[in-house]
Asks: 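Below are the structure tokens for one structure; questions will follow.
Order of the sequence lines fixes the chain letters, A, B, ..., with proteins taken first and strands second; residue numbering starts at 1 for each chain.
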Amino acid sequence: TAQDTIKIGVSYPTPTHAWAAGMNWHAEQAEARLEALYPDVDLILINSPDPAAQASALEDLVSIHGIDALVVLPFESEPLTDPVLNVKDSGALITVVDRGLSQPGIEDIYVAGNNPELGRISAQYMMTRLETGDNIVILRGIPTIIDNERFDAFMAEIEGSGINVLDHKHANWNRDDGFEVMQDFLSRFPDIDAVWAQDDDIAIGVVAALEQADRAGDGMFVVGGAGMKETIRGIMDGNELVPVDVLYPPSMIATAMDVTVAAFKSNGPVAGRYILGATLITQENAESFYFPDSPF
Amino acid sequence: MPELAQTDATIRKPKIDLKMYGPAIALVILCIIGFSLNTAFLSEGNITNLLTRSAFIGIIAVGATFVITAGGIDLSVGSMAAAIAGIMIILMNALVDILGTGVLTVAVGAGCAVLLGALAGLANGLLTTKGKIEAFIVTLGTMGIFRSLVTYFADGGTLSLNFDIRGTYRPVYYDSLIGVPIPVWVFIIVAISGWFLMNRTTFGRYCTAIGSNEHVAQYSAINVNKIKTWTYVIQGLCVALATVIYVPRLGSASSSTGVLWELEAIAAVIIGGTVLKGGYGRIGGTILGALILTTIGNILNFTDLISNYLNGTMQGLIIIIAVWLQRADWGKSKD
Amino acid sequence: MPELAQTDATIRKPKIDLKMYGPAIALVILCIIGFSLNTAFLSEGNITNLLTRSAFIGIIAVGATFVITAGGIDLSVGSMAAAIAGIMIILMNALVDILGTGVLTVAVGAGCAVLLGALAGLANGLLTTKGKIEAFIVTLGTMGIFRSLVTYFADGGTLSLNFDIRGTYRPVYYDSLIGVPIPVWVFIIVAISGWFLMNRTTFGRYCTAIGSNEHVAQYSAINVNKIKTWTYVIQGLCVALATVIYVPRLGSASSSTGVLWELEAIAAVIIGGTVLKGGYGRIGGTILGALILTTIGNILNFTDLISNYLNGTMQGLIIIIAVWLQRADWGKSKD
Amino acid sequence: MVVESPMASDGLLCADSLSKSFGTVPVLFSVSFSLRAGEVHALIGENGAGKSTLMKIMSGFHNPTSGRIIYDGKPVTLPPNGGAEALGIVLIHQELNLSEQMTVTENIFLGREIAKHGILDRPAMTARVVQLLADVGLNISPDTRISELSIAQKQMVEIAKAMSRNARVLIMDEPTAVLTEAETNILFKQVNRLRDQGVAIMFVSHKLHEVKEISDRVTVLRDGQWIGTSATSDLNLDDMARMMVGRELSDLYPPVNEPNVDADIALTVNGLHTKNITDISFELRRGEILGFSGLVGSGRTEVFEAVCGLTPMQAGTITTFGNEIRFASVAQARDAGIVYLTKDRKGRGLLLNEGMQTNLTLLALPQFANRLMLDRKKEAFALTRAVRRFDIRARDPNVRAKDMSGGNQQKLLLAKVMEADPKIVIIDEPTRGIDVGTKQQIYHFIAALAAEGVSIVVISSDMPEIIGISHRVIIMREGQIAGTVSGRDINETQIVRYAAGLNEETIHA
Ligand SMILES: Nc1ncnc2c1ncn2[C@@H]1O[C@H](COP(=O)(O)OP(=O)(O)OP(=O)(O)O)[C@@H](O)[C@H]1O
Ligand SMILES: Nc1ncnc2c1ncn2[C@@H]1O[C@H](COP(=O)(O)OP(=O)(O)OP(=O)(O)O)[C@@H](O)[C@H]1O
Ligand SMILES: [Mg+2]
Ligand SMILES: [Mg+2]
């Protein structure tokens, strides 16, 4: 009967770029898999275009669907803390994904990637390839906490290495902006040795600009991030321009859904924190991160 | 004048304008759809949520009704809300050291927010009237300026309200008075004042006259620039008020706060029957327009029949149909 | 007729309209600023980049000039570009199996894109004219619809062109003819055709008449609805053309393609001197407006003097100042 | 006087029992008459009688509710929106139908461009326009924007536009309302030329002496009904007026009271300069009616727009009742008791999409408000009063201004400025488009106001009107005062001599 159904709301931002689309794909896969496995589990997926809409969606999940548990990937940490707290007050189990809330102790389960780690690993790779006096430029994401965490960790790590950061501009995790900002960097700086693009989408635009300007050779390389399947494919094939990638797995939402369902279905305790690493993907290990069916 | 007397009877026939009820009918249809999808739609909790949510866009749209009626447009409202929210948060956080975390801090913060709103509106208004720059360009410019200011203040991240003040401030969004949430009360008050101002005062009449024909307004002893500037100030005040009740909801502001609110507000105004070119404004319609927009979003959260990706399609279709219902010449065959 | 002759002298004075040159002056000032920040600004490479980038917004803005001159507005162009790009990519990928990866596939894909553009414009036009719904609402609605369609097709992510076709198609963006990149050639051709259509044909004159006073146009036996619909079709064609040269750049489309292009296009039109309320359109100004907007972005990438977060502030200020320069009554004292 | 039968089907364009209602409001009742080739047929009637409506039906702009139009002996359904021009039926609208932002050439050829495959032949059009403008004696550049022209010039452009159409039937709805005599004479020359070419011409006017001068036959409408059609030669002006109004008219002009030369000075203008006028000085006494005469564009309007704060002043002083003032806005002028009634009732006078009440109270709105709050009962009362006082005839009390007849719009505008209870009233072209009956009412009204001590300035291009009601007349020429006449000197010869610059007078003396 309806009363016995376990309703689990899953709320995350509307995908507007490839990584988020990958996340959405993993969420939908997990929904189908889990609902087939447990007929009494109903997962309700809702995505929202901005923080206020996500707050509204959380209200609706409680007032209309009467959920028993919530899996939430907050648009932003701060604004969604209170709304998630309200859901918790309704008695639901809370699983937070990726971006932590600004107040500790609300979530029962936490599943996340590691943004500072992504910046740090990227910087460490740069330092293995570059020497004192070499120049890099940075293309950042959309001005947000995620971007700041990645960028600050990168800058802290590279500090004192003698590598010059010529400039950093926001390319908004977007291929077009990546292309245009890189074009302008190329006009402006005659000597660039490497590019940290932070994200695989930006990296695609950067590569196009490098090729157009004929500056893709001479040991130039680009480090993106996240683990887009085309990028990983390129790494497997030995692409010298984009030789590595730093993982930020979009499948974390599926992990979170699994753990949340397990909280109702398994006997052991599942509450706790699950932090996924920011693995450096190289030609050696690329194969195990390659999902050809995912949109990302 | 016998000929006047004789035609009189024919004329006084009450003219029921079906189009007046267009927005109301659209809203009722939406409610029926919502109810049939899930009876919880008409639950008290959901209705309350709906009204509370409509309050933001509704309050801003009331201001936009004045601007549009007087022939202007304001694209900056969403960014203005974000900037006001950001500055208010910075201010309140700073005031904690001086005034503590009590009601006083909140009151001072809210007061400054209102002042900022008025000033931002004044800037838009003066640039449009004294600067003689198209309202579209002025407010497109200030839209960019306000938005980047909040990004700058937040250093690209999020500005958060001090946790202790949040406790003091929270009730402004979450509490109720006689069963009606406080934001809804504010909405009601703004709506009634707006209606009154538009329909029962010289100011409203002047807005209509200016939007209708600026030359005639000028020749009729109306201070066109002053009235136009005031419409932007009112818009700014409405944005500030909406922000004051918005901040306790999420306790923070970032560069993504209020994105696209300007389009939603203008859409609410026009769905409500106000004419975009000016000269005819309907506050009541605007309120209904805001409710319609919120209800569409609410209904789409009710069902997973439709791919989430197609939300935009549904919204677009419903908006177009809602306006078409009231604009088409239903009465024509009866003439 | 002495009494009529007397006004003659006042009128025949050749009026040099300083305002006409406003956008050109603004552009020159920007270039000087750019050059003083970094001499590489005027390098051939950067100028080529600038012109090529301007081509997208410029081509779309030429279409927008017609829509706005005839008193309409089209908010859907950015989403329309994304949707057309998405469908074109899906189509080309599907055609590989039938037609191979040669020029034919690209040509068929591009042809379909143009057709889609015309159809999308036709939909906007008919909803506005036959449906009697405000252009603002129609295109706000179709903006949501087109955007969500591309998100749907791309499953929220990115649609990528088959790698082999990309090789065939790539030159359309990256190659040059007599030293001028192909997108710039397209831009030039669209600009000249647009100018000709606006200033030298009955169609352009009818657009002006309709935007100036719809009633007068109608009483002059002009088919108002037909002309207005055509302006949207032209807008759609321009969007399609811009898309056809945009896709080979990165070979992909996603839900973030073309976001805010509508506002950029409208801003370009108005910076160029066209009046938002209609009745006065200047294609030449629009071209300059598009160049100004691209140059602002370019200059901001050329300096790290200004916090990244304040880019929006700079853009907003420059837009307002550029328009103010041409709108203020400079000539007043000289009259 | 021979009244013809209503239906004579010998004409080129005939109305056969045309009726028209707007919604439920009937405006025309089974009107029939015929228009012959090579005649000038005048149509006269009171404001709101239905003349414009009838003309619009006969040129396809309105559909009749019942009845037929017979053209060339065959019943036709005319194409809408000016499409009838293709059949040779051209209408000059009572209200100007020009696109303000476009140039003279663009307007004259709007919808009828000379073009090959849609590509404009601009030299051909310019050449044609130069010719047309010369024909109507308008010496302006074909590239002038309409917004830069005076109303009279706009009207002449409308006439040139109609001439360019090679009409078989030319219908002119009050073309001379805004023209001075000189321009009217040019128009009549063109009309005569067209008549000789066999064009059928319909001429609507409230200026009965013009009707007498130009027309061959006259048709009278009253309250939407056909009253009669006669040969013009059979009628004198009084007959026409009687047929229109349905009663005998007493004197058109009220007796002119002797002005009180000792009365206080209400307004003094000294050395006024603006963009187009130089060194204007005059005085206006309490209870005086001061006429301002002069040719089109002589700057009369600009003098008073400057006085009321509508046009920036470059030099000079203005004194009212002893206080030197300089109004920054119309509101200040109104509060000081000075109001200005514009001659551009459509562009500057009335909100066309609003009803009578909104328009009536707009200028004096603060009087109808208590601390911002509108007193709607007071407004409604004011409307009732104004309708009675100015005999505003609207069959539908909720009618929008744009649907009122031209003359009734003018009356509403007069009522609007009078709501401000002014001490000084400046009326620009007070009786433009007003029927004789109402004209008489307005003249008596002006005289009564003056008798109450209100000072009145009448700017008019209607010479008999200026002569008939003014105590004193100032004549302007090329932005300067050319002369002042008063008492017995107020006659046509004197005024024309000053206006044409034949009498020289030192003004400062
Ligand atoms: N579109 C309309 N809708 C409603 N009523 C109208 C419309 N057009 C005209 N009327 C009414 O029809 C009547 C006749 O108007 P019409 O303009 O034909 O008068 P007229 O004889 O030309 O008067 P005038 O001498 O003042 O120009 C008026 O009462 C007017 O208000
Ligand atoms: N060439 C022009 N360009 C722009 N505005 C003009 C021009 N000529 C006149 N005007 C404006 O038109 C209005 C009336 O002009 P003016 O005072 O010359 O007319 P007038 O003497 O009253 O003649 P009439 O009323 O017979 O046309 C004024 O506001 C004036 O500024
Ligand atoms: Mg499900
Ligand atoms: Mg008339």
Asks: Where does D:Arg145 contact chain C at under 4.5 Å (heavy atoms): side chain, backbone, both or neither?
Replies: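 It is the side chain, since no backbone atom gets that close.
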
Asks: Which residue out of C:Thr202, C:Asn213, C:Leu197 racks up the most heavy-atom pairs below 4.5 Å with chain D?
Replies: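 Sorted descending by pairs with chain D, the first entry is C:Thr202.
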
Asks: Using a cut-off of under 4.5 Å on heavy-atom pairs, state which of D:Arg112, D:His93, D:Gln101 scores highest against chain C.
Replies: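 Highest number of pairs under 4.5 Å: D:Gln101.
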
Asks: With no hydrogens and no angle check, just 3.5 Å: does a side-chain donor-acceptor pair link D:Asn107 and D:Lys161?
Replies: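 There is no such pair (donor and acceptor under 3.5 Å, judged by atom type) between the side chains of D:Asn107 and D:Lys161.
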
Asks: Checking the side chain of D:Gln153 only, and the main-chain atoms of D:Leu138 only, is there a donor and an acceptor separated by less than 3.5 Å?
Replies: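 Checking the backbone N and O of D:Leu138 against the side chain of D:Gln153, no donor-acceptor pair under 3.5 Å is found.
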
Asks: Could you look at D:Glu100 and say if it's the side chain, the backbone, both or neither that has a heavy atom under 4.5 Å from chain C?
Replies: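 For D:Glu100, backbone heavy atoms alone lie under 4.5 Å from chain C.
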
Asks: At a 4.5 Å cut-off on heavy atoms, which part of C:Asn223 comes close to chain D: side chain, backbone, both, or neither?
Replies: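 No part of it gets close to chain D.
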
Asks: Identify which part of D:Lys116 has an atom lying under 4.5 Å from any heavy atom of chain C, answering side chain, backbone, both or neither.
Replies: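 Nothing of D:Lys116, per the 4.5 Å heavy-atom cut-off to chain C.
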
Asks: Are D:Thr105 and D:Thr126 linked by a side-chain donor-acceptor pair shorter than 3.5 Å?
Replies: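 No pair is found: no donor N or O on one side chain lies under 3.5 Å from an acceptor on the other.
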
Asks: Find the distance between CE (C:Met80) and CG (C:Asp74) and round it off to the nearest 0.5 Å.
Replies: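 C:Met80 CE to C:Asp74 CG: 5.0 Å, rounded to 0.5 Å.
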
Asks: What part of D:Leu91 gets within 4.5 angstrom of chain C, counting heavy atoms only: side chain, backbone, both, or neither?
Replies: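 Neither part, no heavy atoms under 4.5 Å.
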
Asks: Is a donor from one side chain sitting under 3.5 angstrom from an acceptor on the other, for D:Ser99 and C:Ser212?
Replies: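 D:Ser99 vs C:Ser212: donor-acceptor pair found between side chains.
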
Asks: State the OG1-CE distance between D:Thr301 and D:Met476, to the nearest 0.5 angstrom.
Replies: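 It comes to 9.0 Å.
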
Asks: At a 4.5 Å cut-off on heavy atoms, which part of D:His117 comes close to chain C: side chain, backbone, both, or neither?
Replies: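 Interface part for D:His117: neither.
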
Asks: Under the ring pair (Phe, Tyr, Trp, His ring centres under 6.0 Å) rule, collect the residues that match up with C:His215, sequence neighbours excluded.
Replies: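 Ring pair (Phe, Tyr, Trp, His ring centres under 6.0 Å) check on C:His215 returns C:Tyr219.
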
Asks: As an exercise: rank D:Asn97, D:Asp121, D:Ile119 by heavy-atom pairs under 4.5 Å with chain C and give me the winner.
Replies: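 Sorted descending by pairs with chain C, the first entry is D:Asn97.
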
